[in-house]
Amino acid sequence: MTRVLVTGSAGFVGSHLVERLLGDGHHVVGVDNYLSGQRGNTELFLGHPRFTFIEADVSLGLPYAGERLDWVLHFASPASPPHYQQFPVETLMVGAQGTQNALDLALGHGARFMVASTSEVYGDPQVHPQPEDYWGHVNPNGVRSCYDEAKRYAEAVTMAYHRHHGLDTRIIRIFNTYGPRMRADDGRVVTNFVHQALRGEALTVYGDGSQTRSFQYVDDLVEGIVRLMGVTYHGPVNLGNPDEFTVLEFARLVRDRVGPGLEIVHLEAAQDDPQQRRPDITLARELLGWAPRVPLREGLEATVAAFREAGPPRGPRADGVWAAT
Ligand code: NAD
Ligand code: UDP
């Protein structure tokens, strides 16, 4: 049995990770400040005998004073472009100070450490698909830079702790992941399209929709995370589904599944929007014997059912600030 601290535990990915770790018999300490998470995701586990929760901003410190930790998994960070662009300074801080605080905690406990990095470190990639040894093509001061550069720094400081302090580290680069418990108002493409279709509204494609993404179901990601914690490898590992779709194809898929006949409208293209994205998962296949198992249509079924049950988004307040959950 392992004692695991998960930052970002009230988020979409964090909550699925907590569920899996508890299911595998571990003790889990969740940490979150609800910047982009949901209190309901903490409440899911509060009665569990092996779950405890600390409400804290990990950029300011990690006030954990319990028994020795075996693993520290650093997943705290806004991840949706509208969220991180609303909170650019907080996003930079959680990637920088937040990562360092989590690394120091792991070092103090002699714990294994993992940081959740992202396909955004490849920026608007000029190599396709993206292997881990591609250095990326990032605008260092554009609207996405608060997230991209924070994650690039997070990888750098993680490797520095590994090289300088001998910390046992893991880095995952997560590609677009979806599933139940995404925040209904997170503004990401899966949540937007599904909720628009459920409401009988037009689906909003930004630009001409020729940009591509590859969508991974959250259970596949969690399986990859657990496998990587069980092997020794310190370089970055892509975790994503290599099935690539244009955004327009994806809009048609959601429309046909959830709201046949609905209109698809084109809005202004998002600034610095990566034009293509698909993971090269050769490394994860060889290292972990891992590959995604859930096809998009199947994962979408489960996601639509969960979104229906969770109800409509509350939406941003009139002042543009996301509603508290
Ligand atoms: P999310 O916004 O649902 O979850 C992030 C969680 O971190 C939230 O609960 C939020 O409140 C918390 N958080 C943010 N700043 C914090 C702080 N300073 N202190 C404590 N808690 C804080 O996002 P997600 O999709 O679950 O993403 C989780 C992680 O995975 C993030 O690090 C993200 O960058 C990474 N990632 C996710 C995806 C994806 O497609 N979901 C893709 C690439 C990388
Ligand atoms: N997108 C879109 N309509 C929406 C939301 C997003 O066309 O309502 C596009 C967005 O421009 C991007 C892709 O969908 O090309 C994925 O966006 P998302 O915000 O989910 O994540 P990203 O991969 O950009 O971080």
Side-chain angles (χ1 to χ4, degrees), residues 6-17 30-39 41-42 54-62 73-85 87 90-99 101-102 114-121 124 144 147-148 150-151 154 172-179 181-183 186-196 202-216 218 221 225 238-240 245-248 250-251 254 264-277 322 325:
V6 179
T7 76
S9 62
F12 157 54
V13 173
S15 68
H16 285 274
L17 193 51
V31 184
D32 208 291
N33 68 347
Y34 299 114
L35 181 70
S36 56
Q38 305 179 82
R39 289 185 189 276
N41 287 343
T42 304
I54 302 170
E55 185 167 345
D57 180 343
V58 302
S59 301
L60 303 179
L62 262 158
L73 310 182
H74 181 45
F75 280 68
S77 169
S80 145
H83 277 163
Y84 65 67
Q85 289 173 33
F87 297 108
E90 289 84 349
T91 301
L92 281 156
M93 285 185 62
V94 76
Q97 284 95 326
T99 304
N101 288 337
M114 175 181 277
V115 65
S117 183
T118 167
S119 53
E120 279 283 325
V121 301
D124 187 9
R144 298 173 83 103
Y147 184 67
D148 301 9
K151 292 291 186 179
I172 50 167
R173 291 184 178 153
I174 305 171
F175 284 66
N176 295 65
T177 303
Y178 70 97
R181 298 193 210 131
M182 294 182 88
R183 226 177 115 147
D186 76 7
R188 292 186 258 199
V189 70
V190 175
T191 32
N192 273 8
F193 286 178
V194 172
H195 280 290
Q196 286 162 347
L203 281 68
T204 55
V205 168
Y206 301 158
D208 64 9
S210 62
Q211 69 272 37
T212 67
R213 292 295 186 272
S214 309
F215 299 101
Q216 162 176 242
V218 65
L221 171 63
I225 292 168
N238 288 340
L239 292 177
F245 297 79
T246 68
V247 166
L248 187 56
F250 182 59
V254 174
I264 292 174
V265 295
H266 292 266
L267 304 182
E268 196 183 337
Q271 224 177 311
D272 286 350
D273 201 0
Q275 290 307 294
Q276 52 182 359
R277 184 182 288 160
W322 257 263
T325 54

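Values below: every heavy atom of this structure, side chains too, minus hydrogens, waters and symmetry copies. Remember, it's 1-based here, ligands and their atoms both numbered in the order they're listed.
- The protein heavy-atom contact nearest to atom 35 (C) of ligand 1 is I174 CD1, 3.9 Å.
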Apply salt bridge (Lys or Arg N to Asp or Glu O under 4.0 Å) to the pair D32 and R39, showing each step before the final yes or no.
CA-CA 9 Å; D32 208 291; R39 289 185 189 276; over 6 Å; no

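- Counting only heavy atoms of the protein, atom 2 (O) of ligand 1 lies nearest to S36 OG, 2.6 Å.
- Near T204, the atoms of ligand 2 lying under 4.0 angstrom from a non-hydrogen atom of the residue are 2 (C), 3 (N), 4 (C), 7 (O), 8 (O).
- For atom 32 (O) of ligand 1, the nearest non-hydrogen atom from the set E90, H74, R213, K151 comes from K151.
- Residue-level proximity to ligand 1 for S117 is carried by the backbone, the only part with a heavy atom below 4.0 angstrom.
- Comparing heavy-atom distances from atom 24 (O) of ligand 2 across R144, Q271, E120, Q211 singles out R144 as nearest.
- The single protein non-hydrogen atom nearest to atom 16 (C) of ligand 2 is R213 NE, 3.6 Å, given as residue, atom name and distance.
- Side chains of V58 and H74 form a contact here, defined as non-hydrogen atoms less than 4.5 Å apart.
- Ligand 2 has F193 within reach: a non-hydrogen atom of the residue lies less than 4.0 Å from it.
- Between the choices Y178, Y206, Y84, the shortest heavy-atom distance to atom 7 (O) of ligand 2 belongs to Y206.
- Distances between N or O atoms of N192 and those of ligand 2 include at least one value under 3.5 Å.
- Among protein heavy atoms, atom 9 (O) of ligand 1 sits closest to D32 OD2, 2.6 Å.
- No side-chain donor-acceptor contact under 3.5 Å links Q216 to the backbone of Y178.
- Between G14 and ligand 1, a contact under 3.5 Å exists for no N or O pair.
- Neither the backbone nor the side chain of Y178 comes within 4.0 Å of ligand 1, counting heavy atoms alone.
- Residue contacts with ligand 1 for Y34 involve N, CA, C or O but no side-chain atom from C-beta outward (heavy atoms, distance under 4.0 Å).
- Ligand-side atoms of ligand 2 in range of D273: 10 (C), 11 (O), 12 (C), 15 (O), range being under 4.0 angstrom from any heavy atom.
- Of the options N33, N101, V190, D186, the smallest heavy-atom separation from atom 22 (C) of ligand 1 is shown by N33.
- The nearest protein atom to atom 28 (C) of ligand 1, hydrogens excluded, is given as F75 O, 3.5 Å; this is a heavy-atom distance.
- Protein heavy atom nearest atom 27 (O) of ligand 1, with residue, atom name and distance: A79 CB, 3.6 Å.
- A cation-pi geometry, defined here as NZ or CZ lying under 6.0 Å from the six-membered ring centre and within 45° of its normal, does not hold between R144 and Y84.
- By the criterion of a heavy-atom distance under 4.0 Å, neither the backbone nor the side chain of S9 is placed next to ligand 1.
- If you look at R188 next to ligand 1, the close heavy atoms, those under 4.0 Å, all belong to the side chain.
- Residue-to-ligand polar distances place V189 within reach of ligand 2: an N/O pair is separated by less than 3.5 Å.
- In terms of protein heavy-atom proximity, atom 40 (O) of ligand 1 is nearest to T177 N, 2.8 Å.
- Among protein heavy atoms, atom 13 (C) of ligand 2 sits closest to V247 CG2, 3.8 Å.
- Residue contact check for ligand 2: S80 places no non-hydrogen atom closer than 4.0 Å to it.
- The shortest distance between side-chain heavy atoms of F12 and V218 falls below 4.5 Å.
- Side-chain contact check for Q211 and T246: no donor-acceptor pair (N or O, by modelled atom type) lies under 3.5 Å.
- Which parts of ligand 2 touch V205 is read off a 4.0 Å heavy-atom cut-off, strictly below it: atoms 7 (O).
- Residue nearest to atom 26 (O) of ligand 1, selected from V115, V13, V31: V13 (by heavy-atom distance).
- Below 4.0 Å from some heavy atom of N176 lie the following atoms of ligand 2, by number and element: 21 (O), 22 (P), 23 (O).
- For ligand 1, the polar-atom distance check against N176 finds no nitrogen or oxygen pair separated by under 3.5 Å.
- At least one side-chain heavy atom of H83 sits less than 4.5 Å from a side-chain heavy atom of R183.
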